[in-house]
Number of protein chains: 2
Amino acid sequence: MLDEHDIFKDYLKQYNLRYTPQRKLILDVFLQQSGHVHIDDIHIRVRDQDPTIGIATLYRTMKLLVESGLAEMHTFNEKTTYERLFQVRHHDHLICIVCDKTVEFEHPLIEKYQLEACERYDFTLKSHRMTLFGICKECQK
Amino acid sequence: MLDEHDIFKDYLKQYNLRYTPQRKLILDVFLQQSGHVHIDDIHIRVRDQDPTIGIATLYRTMKLLVESGLAEMHTFNEKTTYERLFQVRHHDHLICIVCDKTVEFEHPLIEKYQLEACERYDFTLKSHRMTLFGICKECQK
DNA sequence: CTCCTTTTTGATAACGAATATCAATATAGT
DNA sequence: ACTATATTGATATTCGTTATCAAAAAGGAG
Ligand SMILES: [Mn+2]
Ligand SMILES: [Mn+2]
Ligand SMILES: [Zn+2]
Ligand SMILES: [Zn+2]
């Protein structure tokens, strides 16, 4: 079974790009994280293992991870976050507008009707972004 | 029946803010637009009628329009756009990732299941953002 | 109207995330 | 070893948006 490093290598090879130590390290660090990770968090942990890595390389590599399907980029608030995508079940997000708490959920029927809506307008659905904003139980008190 | 200017005046009064000529003009211009309008477009048309209005005032006023429920802010791509909200039926968006064409749609069942998902996690739904990305018929050829 | 307080304005500086630039370095293949 | 190409890190730059601040405007009270 292919793991994330194989996927990444394949993607890089496909575009004549190289599997460098920096890219490997960034992927390693990213895979150790869970949930929605900010680029600064990744930066700190990467520099922990190799202080010479520049921020530009980090941005460039995160972009490659997204393009290769290993990461998903979120822009819920101002700061973008990254989330593991490969072998992680698709889900949408429910965010508390008071405390920023996030709940991950998936509704099969919503996914189904999204496809339906697309077909009605002769679109081929490629991806979607659905985020619900509300107030969690604790913040309602 | 209240129109947008009344709504705006009420909102301003509520927070001890003033209904100034600049704010009136910006609202006037905004209401003449339709669809998803970029701030530069509004700026051009505003300066056309009053060249002394500064960009800061425009940003500040657009924020007030959003807060008063008259406008909705979208961040589909890099540039944020504004769309009339009052007396305009709620809808979600379907965007072609090739040509940026936008289709507006609404699916009652999706809205229903969004509420359902919220209730399951004890959230009070306040708003949602759903955008489908696909390839339109023309761009598939 | 005059005086006083608060709000608003416009010019411009500042911000910050992300990208572009570019010379030095690393890599892969011959 | 040699060559061509890709990559890197430091840094400058971009660009939408926000903060700053002195001057102007607005709203009341008398
Ligand atoms: Mn998630
Ligand atoms: Mn719309
Ligand atoms: Zn909360
Ligand atoms: Zn298209």
Side-chain angles (χ1 to χ4, degrees), chain A residues 5 8-30 36-68 71-83, chain B residues 5 8-30 36-68 71-83:
Chain A
H5 289 280
F8 196 35
K9 283 180 197 166
D10 284 354
Y11 175 83
L12 293 173
K13 185 166 286 176
Q14 189 182 345
Y15 290 96
N16 281 319
L17 305 176
R18 291 167 188 168
Y19 184 66
T20 63
Q22 290 90 341
R23 286 176 178 162
K24 171 174 171 13
L25 173 57
I26 290 170
L27 175 55
D28 280 337
V29 167
F30 175 64
H36 306 152
V37 194
H38 189 270
I39 201 136
D40 292 337
D41 300 328
I42 305 174
H43 194 203
I44 289 170
R45 289 170 200 271
V46 164
R47 296 201 85 123
D48 203 47
Q49 299 203 33
D50 181 350
T52 68
I53 291 188
I55 187 74
T57 300
L58 179 51
Y59 272 107
R60 285 186 287 238
T61 304
M62 291 314 296
K63 186 179 254 179
L64 291 174
L65 291 181
V66 170
E67 288 165 4
S68 63
E72 192 173 20
M73 206 178 79
H74 296 301
T75 52
F76 296 137
N77 307 306
E78 295 311 291
K79 304 204 163 186
T80 63
T81 58
Y82 295 88
E83 181 174 24
Chain B
H5 289 280
F8 196 34
K9 283 179 200 167
D10 284 354
Y11 176 83
L12 293 174
K13 184 167 287 177
Q14 189 183 343
Y15 291 95
N16 282 318
L17 304 176
R18 291 167 188 169
Y19 184 66
T20 62
Q22 289 91 340
R23 287 174 177 163
K24 173 175 169 15
L25 172 58
I26 290 170
L27 175 54
D28 281 336
V29 167
F30 175 64
H36 307 153
V37 194
H38 189 269
I39 201 136
D40 291 337
D41 299 329
I42 305 175
H43 194 203
I44 289 169
R45 289 169 201 272
V46 164
R47 294 201 85 121
D48 202 47
Q49 299 202 34
D50 181 352
T52 68
I53 291 188
I55 187 74
T57 300
L58 179 52
Y59 273 105
R60 285 186 288 238
T61 304
M62 292 314 296
K63 186 179 255 180
L64 291 174
L65 292 181
V66 169
E67 288 166 3
S68 63
E72 192 173 21
M73 208 179 78
H74 296 302
T75 51
F76 297 137
N77 308 306
E78 295 312 289
K79 304 205 164 186
T80 63
T81 58
Y82 296 87
E83 180 173 26

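Letters A, B, ... are given to chains in the order of the sequence lines, protein chains preceding strands, and every chain is numbered from 1.
- Atom CG of A/N77 and atom P of D/dT18 are 14 Å apart (whole Å).
- Summarising the geometry, the separation between NZ on B/K79 and P on C/dA17 is reported as 20 Å, rounded to the nearest angstrom.
- Rounded to an integer number of Å, the gap from CZ of A/R23 to P of C/dT25 is 19 Å.
- Across the protein-nucleic acid pair, B/L58 atom CG and C/dT8 atom P stand 16 Å apart, rounded to whole Å.
- For B/Q22 and C/dG10, the shortest distance from a side-chain N or O to OP1 or OP2 is below 4.0 Å.
- If you check every strand for non-hydrogen atoms under 4.0 Å, A/P21 touches sugar and phosphate atoms only.
- When side chains are defined from C-beta on, B/H36 counts as touching B/F76, because their heavy atoms get closer than 4.5 Å.
- Here the nucleotide nearest the side chain of A/Y59, chosen from D/dA6, C/dT19, D/dT8, is C/dT19.
- The distance from atom OH of B/Y15 to atom P of C/dT6 is 21 Å, rounded to the nearest whole Å.
- Positionally, the nearest nucleotide of DNA chain D for B/K63 lies more toward the 5' end than for the other of B/K63 and B/R18.
- Considering only heavy atoms from C-beta on, B/L58 comes within 4.5 Å of B/I42 through its side chain.
- The CD1 atom of B/I26 sits 12 Å away from the C1' atom of C/dT8 (whole-angstrom rounding).
- Along DNA chain D, the nucleotide closest to A/G54 and the one closest to B/I39 are compared, and the more 5′ of them pairs with A/G54.
- Positionally, the nearest nucleotide of DNA chain C for B/L17 lies more toward the 5' end than for the other of A/D40 and B/L17.
- Between A/I53 atom CD1 and D/dG9 atom P the separation is 6 Å, expressed in whole Å.
- Side-chain N/O atoms of A/T57 include one lying less than 4.0 angstrom from OP1 or OP2 on D/dG9.
- To the nearest 0.5 Å, atom CD1 of residue B/I26 and atom OG1 of residue B/T20 are 7.5 Å apart.
- Within the 4.0 angstrom heavy-atom criterion, no nucleotide atom of any strand lies near A/E78.
- Taking only side-chain atoms of B/A56, from C-beta outward, the nucleotide of C/dA18, C/dT12, D/dA26 with the closest atom is C/dT12.
- Of the options B/H5, B/R23, B/R45, a side-chain hydrogen bond (donor to acceptor under 3.5 Å, both in side chains) to B/D28 is made by B/H5 and by none of the others.
- Of the side-chain N and O atoms in B/T20, none sit less than 4.0 angstrom from OP1 or OP2 of C/dT7.
- In B/Q14, the CD atom is crowded: over 12 heavy atoms of neighbouring residues, nucleotides or ligands sit closer than 6.0 Å.
- Note: NZ (B/K13) to P (C/dT8) measures 14 Å, nearest angstrom.
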